[in-house]
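Proteins get letters first, then strands, A, B, ... in listed order; numbering begins at 1 in each. Being a predicted model, the structure only gives us computed values, none of them experimental. All values below were derived from every heavy atom in this structure, side-chain atoms included, with hydrogens, water molecules and symmetry-related copies excluded.
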Amino acid sequence: MAIRVVKVARPEKMSFGESVYLLEIVKGLGVTMRHFLRNMARQENIPTIEYPEVRRVMPARFRGCHRLMKRPGGAPRCVACYMCATACPAKCITIVAGESPDPKIEKYPVRFDIDMLRCVFCGQCVEACPVDAIRMDTGWYTMPENTREKLIYTIDMLLEK
Amino acid sequence: MSPLFDLAVAVARIAVFISFCLGLVVILTWVERKGAAYIQDRRGPNRARILGLTLGGIFHPLADAIKFLFKEDFIPDGAHRLFYQMAPMFALAPAIMTMAVIPFGPPVTIAGHQIPLQIADLNVGILYLFAISGMTVYGVVLAGWASNSKYPLLGGLRSSAQMLSYEVSMGLSVVGILMVFQSVQLSEIARGQGELLFGILPKWGVFVQPLGFILFLTALYAEANRTPFDLPEGESELVAGYHTEYGSFKFSMFMMAEYIHMVVGSAVLVTLFFGGWQFPYLADAGFAFPGGVSFAVPAWAVLSLRIGSFVVKTVFFCWVYVWVRWTIPRFRYDQVMRLGWKVMLPLALINIFVTGLVLLLIDKGI
Ligand code: SF4
Ligand code: SF4
């Protein structure tokens, strides 16, 4: 596409009333006062979300914190295949596999940690998982914590979500 | 009567007026934040609570004060230690001192003594006010220079240039008032505004000197470093301007100085241009409306109406400071200088000339 020069229409010159400035100030004061009075009168119309008490409802496909799915028996669905850890661009998933007690299943994760401080919420882990064991549909992002350790989510935390 | 009585009266007046001003300062910091929030469609401070009550965030100034008290009181390495510590005091002291000459009510008679409701009824009135408020610039310049840092220095430079330019127009803009009321004593000016103009309008400064009022208001905002003239602390280019390097209570002293400036500025504006403690159409004996209607009001009610009207007017003009701050964007620096020297100064001179001419013509009976 060729580059074209777009002429933006600007007011030619300030009219006398505008260049005196005082009248325009009074108009501006009127605008701010209107906002002030409207917000005083109807506080519920202020768009602020009072965060810790009220949470914004995230759209359905919002990519939030991870959770691990369970089998009907309550065991993790994850088969410790390392697909997600391999796909992860931030290298923040740590898996330690163990032999599953269930003869039909080969392995299960003994440890499954996600370092939420390094996670970039790209969703590659979800894409990579062959058994749909990991999802990012909790609808919320990482909660603030006061130590780094608390932000390494372990398998118990991930299964609970 | 006894000197003890005089002393008690003096102390009482100082206590009442200073606590009024400082109380207003505290409330004003809250009004500023809350008002800004509502003007910008936000909620503003609403978290600090005592016994589960937030009352619209009214406890935030208290929380702020406590926070400032407990912050570390540091001095930057390269700063000039003495001047660095002196600057906040230099900013705060003149602001408080200017309160002294503002009449907040008519003289009252107690036990046969006439007591002016004014901390000091100086006969130089307005000149004292300008002399003292001119000193606030030292606080700002000292702070800028003593911090040994670029941004405060630029802020200090800007404010010195700005304050000097606007001091001129400010002084000239009230000359008209002095000519009309023939006194520099603030109590005289306030009393003079009790008369009627053409038999209908109260003879307030704003009606006899409308141009003087606009010039004075503008200069007042420039003097108090408030938007649209807050270049000395322009956040977008100078971080926080002259008090960038200040923390803890020293910073809050600068803040307090700014807000006291607003309160005193409003009080001066009210005294000069809005009748001070005068209540429209209220004479010593009671209301006397232009149509010849009049009814008596007891003396105590007259007094409280007058003091109340002073308070209401002052509070209103404090609000105007806030209102203007969140309406008008900051000027560019050359615009400030152009406005000060090329617009305000000639207008102030013309105003003086026209006032003089009109007074002369009235004197000659034309
Ligand atoms: S969302 Fe991306 S960065 Fe986070 S764990 Fe999954 S793959 Fe790694
Ligand atoms: S890809 Fe899925 S099954 Fe494989 S280790 Fe990750 S979560 Fe478990």
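With a 4.5 Å cut-off on non-hydrogen atoms, A/E50 touches chain B through its backbone and its side chain both. For a residue to count as touching a neighbouring chain, one of its non-hydrogen atoms must lie under 4.5 Å from one of that chain's; by this rule B/V320 does not touch chain A. Within the 4.5 angstrom heavy-atom criterion, atoms from both the backbone and the side chain of B/I39 approach chain A. Contact annotation for A/L37: neither backbone nor side-chain heavy atoms come within less than 4.5 Å of a heavy atom of chain B. If you measure heavy-atom distances from B/W326 to chain A, the contacts under 4.5 Å come from the backbone alone.
The backbone N or O of A/L158 sits nowhere less than 3.5 Å from a side-chain atom of A/R67 that would complete a donor-acceptor pair.
In this structure, A/F36 and B/Y38 have perpendicular ring planes: the angle between them is above 60°, well past the 30° mark. Ring-plane geometry between B/F213 and B/F317 is classed as perpendicular, the angle between the planes exceeding 60 degrees on a 0 to 90 degree scale with a lower cut at 30.
Between B/Y166 and the options B/Y221, B/F229, B/F130, B/W341, a ring pair (Phe, Tyr, Trp, His ring centres under 6.0 Å) holds for only B/F229.
Atom CE of A/M33 and atom CH2 of B/W319 lie 5.0 Å apart (nearest 0.5 Å).
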